Amino acid sequence: MFAVTPLTWCPHLTEVRPVPSGGLDSQAPCNTCGDLSENWVCLTCYTVECSRFVNEHMLFHRLETEHNMVLSYSDISVWCYACDSYVDNPVLLEAKNAAHLSKFGEPLPGMG
Ligand SMILES: [Zn+2]
Ligand SMILES: [Zn+2]
Ligand SMILES: [Zn+2]
């Protein structure tokens with residue numbers, strides 16, 4: 001493991017849309033291949049696709065749609081494809097909180 005310092009801001013934060021009213025489902029399968037092991041959710045259209053360690057469907061989603069901001073259901077971190085970096089910004093808290101709530105049954109620490 002190596003230390004990853006997320007960006008505190010990136011120009012693609014404007015692509016992030018509000019979380020759907022039904023919240024997020026951290027158990028949702030990949031929209032393309034149905035894999036359940038390691039999925040990401042797009043923060044622009046909220047489609048769920050698998051990671052580059054499975055079948056790379058989120059990468060394909062990014063190439064097709066140019067949606068850059070994606071949230072990992074594995075560790076609730078947000079990746080920006082365009083910046084090739086993790087991003088941590090208050091704009092992302094709503095989605096991170098919804099993912100945490102789905103995965104752990106409780107909100108992010110400090111968000112209760
Ligand atoms: Zn997949
Ligand atoms: Zn998308
Ligand atoms: Zn970015």
Side-chain angles (χ1 to χ4, degrees):
M1 287 296 287
F2 57 96
V4 179
T5 305
L7 298 174
T8 55
W9 181 88
C10 93
H12 310 97
L13 285 164
T14 56
E15 297 178 13
V16 175
R17 301 278 178 79
V19 174
S21 56
L24 297 183
D25 179 7
S26 64
Q27 303 301 311
C30 171
N31 188 47
T32 305
C33 71
D35 193 272
L36 289 163
S37 60
E38 190 175 325
N39 288 320
W40 293 72
V41 60
C42 173
L43 295 182
T44 301
C45 67
Y46 287 91
T47 191
V48 173
E49 305 283 354
C50 62
S51 85
R52 63 185 180 277
F53 301 113
V54 183
N55 289 316
E56 300 187 296
H57 286 129
M58 188 52 90
L59 181 60
F60 285 108
H61 178 72
R62 190 264 169 158
L63 293 173
E64 284 173 11
T65 61
E66 298 186 357
H67 296 163
N68 290 303
M69 308 290 297
V70 293
L71 183 149
S72 167
Y73 279 145
S74 296
D75 62 4
I76 324 283
S77 58
V78 174
W79 177 259
C80 178
Y81 281 113
C83 296
D84 202 24
S85 179
Y86 288 101
V87 182
D88 195 9
N89 182 280
V91 166
L92 305 168
L93 271 179
E94 185 195 18
K96 284 188 172 186
N97 192 49
H100 196 278
L101 194 59
S102 173
K103 188 175 171 96
F104 300 110
E106 57 185 41
L108 279 175
M111 292 288 286

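Side chains are part of it too, since the values below use all heavy atoms of this structure and drop only hydrogens, waters and symmetry mates. Every number for a ligand or one of its atoms is a count from 1 in the order of the listing. Computed from a predicted model, the values in this text were never measured in an experiment.
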Once rounded to 10 degrees, what value does the angle at the Zn ion (ligand 1) take between ND1 (H57) and SG (C30)?
-> 110°
Expected output: side-chain T65 to main-chain H61 donor-acceptor under 3.5 Å | yes
Are any non-hydrogen side-chain atoms of C10 and C80 less than 4.5 angstrom apart?
-> yes
Atom name in H12, limited to N/O/S, at shortest distance from the Zn ion (ligand 3) = ND1
Between W79 and Y86, what is the ring plane arrangement, given parallel below 30°, perpendicular above 60°, and tilted in between?
-> perpendicular
Under 3.5 Å side-chain donor-acceptor pair for S51 and E56 | no
Measuring from C83:SG to W9:CH2, what's the distance to the nearest 0.5 Å?
-> 8.0 Å
The Zn ion (ligand 2) -> H67, closest N, O or S atom is ND1
ang(SG C50, the Zn ion (ligand 1), SG C33) rounded to 10° is 120°
Give the name of the N/O/S atom in H61 that lies closest to the Zn ion (ligand 2).
-> NE2
